[in-house]
Chemist: 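Mind having a look at this structure? Questions to follow.
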Amino acid sequence: MGFQAEYGAFLEELARQADAIAMRYFRADEIRIDQKDDGSAVTQADRGVEEMARAKVAASGLPMDVLGEEMGGENARGPATSGRARLIIDPIDGTEEFSRGIGTFGTLLGIERDGEIVAGMASAPALGVRWWAYRGEGAWRNGEKIRVSNVDKLNQGMAFTGGTGPNKNRDRIEKMRRLLDAARHGRSLGGFWQHMLVAEGSIEAALDLHSKAWDLAPLAIIVEEAGGQATDVNGKRSIYSGNLVSTNGKIHDEVLALLR
């Protein structure tokens, strides 16, 4: 049995219900924006999506644990140690954008088994787009197979990074600027969408330098199954390093050399 046959219907139902919850609050008068201890925003939608997902896992009968941004879980800094599969969820990636009525937010879902992400889905209801991939089965956007670009030099490509700001580490800012300056076109966007643009072949490189496992869980597998590469800045395939570099693969070494 392939991973899509095993987990596809489950992830699709999670994404469908997450979309409905998110859109209930998006640009709605009743949205309430609170601040967490780390200063980041959280809304009813963030909590509602994760609560729904945890209830679905419990009702499914699947031997699966959960790690989520809002309610935590076992060992957020490394692969699960229980021997069971694990759903890793960011209920609303891009809460700042969501809370400001900007549509570049999404629910991120990844299933980890034996330390490897074997299924990933990113659903962006305000954009009307959903991406998914299953290990060894390709990557898809709204039912159409996607593929990275063929650009083989960074100075001929487009690169996106996260944004800057007064609270950002200066070394990280310098790395982002080196990448943006080396590309033919550079933009600051951040979040999951930039990595999906790599997988679609719309851009050649994307960089996040401050992320948790739930921010990254489905992104690498989607890029990889689309023919690209996704590693940390040291070239390691991991969602636990706190950063992610995704490229079309052809310029990956060139990008990593700029970031070291």
Side-chain angles (χ1 to χ4, degrees), residues 1-25 34 36-38 40-95 98 105-125 130-135 191-192 195-196 208 210-222 225 230 237-242 244:
M1 178 185 292
F3 294 117
Q4 183 166 14
E6 189 170 359
Y7 296 118
F10 174 69
L11 287 182
E12 288 167 12
E13 180 61 16
L14 285 185
R16 185 188 69 80
Q17 293 201 32
D19 288 354
I21 294 169
M23 294 308 290
R24 184 188 314 157
Y25 292 104
D34 300 319
K36 294 189 284 189
D37 291 342
D38 64 1
S40 62
V42 62
T43 71
Q44 308 101 305
D46 297 82
R47 299 186 180 101
V49 170
E50 186 163 330
E51 288 168 358
M52 175 276 297
R54 289 176 180 271
K56 286 290 182 184
V57 169
S60 71
L62 291 168
M64 183 182 295
D65 300 321
V66 181
L67 171 65
E69 178 175 13
E70 304 309 328
M71 300 169 68
E74 183 259 344
N75 195 25
R77 297 186 178 183
T81 59
S82 67
R84 291 155 53 94
R86 177 162 72 167
L87 173 70
I88 304 176
I89 176 171
D90 188 340
I92 303 286
D93 186 69
T95 300
F98 176 81
F105 65 89
T107 296
L108 308 184
L109 305 165
I111 293 180
E112 179 187 69
R113 279 197 359 194
D114 300 320
E116 180 83 2
I117 299 295
V118 298
M121 185 170 287
S123 192
R130 188 176 297 166
W131 301 263
W132 63 86
Y134 298 88
R135 185 65 63 192
F192 76 97
H195 300 284
M196 298 301 92
D208 271 313
H210 184 67
S211 300
K212 302 290 179 61
W214 43 76
D215 299 310
L216 307 177
L219 308 185
I221 187 174
I222 295 172
E225 289 294 319
R237 290 178 64 253
S238 176
I239 63 170
Y240 299 105
S241 300
L244 183 70

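Predicted, not measured: the structure shown is a model, and the values here were computed from it. Note that these values count all heavy atoms, side chains included, but never hydrogens, waters or copies made by symmetry.
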Chemist: So does I117 get a backbone contact from the side chain of R135, meaning a donor-acceptor N/O pair under 3.5 Å?
Modeler: yes

Chemist: Indicate yes or no: at least one non-hydrogen side-chain atom of M64 is less than 4.5 angstrom from one of I111.
Modeler: yes

Chemist: Return the minimal non-hydrogen interatomic distance between P79 and G115, and the atom names on each side.
Modeler: CB-CA, 3.8 Å

Chemist: Is I88 close to L216 at the side-chain level, that is, under 4.5 Å between some pair of heavy atoms?
Modeler: no

Chemist: Rounded to the nearest 0.5 Å, how far does CG of L109 lie from CZ of F10?
Modeler: 8.5 Å

Chemist: Treating R86 as the side-chain partner and E74 as the backbone partner, does any N or O pair qualify as donor plus acceptor under 3.5 Å?
Modeler: yes

Chemist: Give the intermediate values and the outcome of side-chain contact (heavy atoms from CB on, under 4.5 Å) for residues I21 and T107.
Modeler: CA-CA 11 Å; I21 294 169; T107 296; over 6 Å; no

Chemist: What is the distance from atom CD of E116 to atom CD1 of I221, rounded to the nearest 0.5 Å?
Modeler: 7.5 Å

Chemist: W132 versus E12: any side-chain heavy-atom pair under 4.5 Å?
Modeler: no

Chemist: Has S211 got a side-chain atom pairing as donor or acceptor with G242's backbone, closer than 3.5 angstrom?
Modeler: no

Chemist: Can you tell if the side chain of L244 reaches within under 4.5 Å of the side chain of I239, non-hydrogen atoms only?
Modeler: no

Chemist: Do the side-chain N and O atoms of D46 and T95 include a donor-acceptor pair separated by under 3.5 angstrom?
Modeler: yes

Chemist: Would M196 and L219 satisfy side-chain contact (heavy atoms from CB on, under 4.5 Å), going step by step from the backbone distance to the final call?
Modeler: CA-CA 7 Å; M196 298 301 92; L219 308 185; 3.8 Å; yes

Chemist: Would you mind reporting whether V49 and E70 have side-chain heavy atoms less than 4.5 Å apart?
Modeler: no

Chemist: For residues E112 and L67, determine if any side-chain heavy atom of one lies less than 4.5 Å from a side-chain heavy atom of the other.
Modeler: no

Chemist: Kindly indicate whether the side chain of V57, heavy atoms from C-beta on, has any atom under 4.5 Å from the side chain of L62.
Modeler: no

Chemist: Are E13 and R16 close enough, and set up right, to give a salt bridge (charged side-chain N to carboxylate O under 4.0 Å, His left out), and what steps lead you there?
Modeler: CA-CA 5 Å; E13 180 61 16; R16 185 188 69 80; 2.7 Å; yes

Chemist: Before you tell me yes or no, could you show the steps for N75 and T81 under side-chain hydrogen bond (donor to acceptor under 3.5 Å, both in side chains), namely the whole-Å CA-CA distance, both residues' side-chain angles and the distance that decides it to 0.1 Å?
Modeler: CA-CA 8 Å; N75 195 25; T81 59; 5.3 Å; no

Chemist: When you measure from the side chain of D93 to the backbone of F192, do you find a donor-acceptor pair of N or O atoms at a distance under 3.5 Å?
Modeler: yes

Chemist: Between R113 and E6, is there a side-chain N and carboxylate O pair less than 4.0 Å apart?
Modeler: yes

Chemist: Within the structure provided, determine whether E50 and I92 are in side-chain contact (heavy-atom separation under 4.5 Å).
Modeler: no

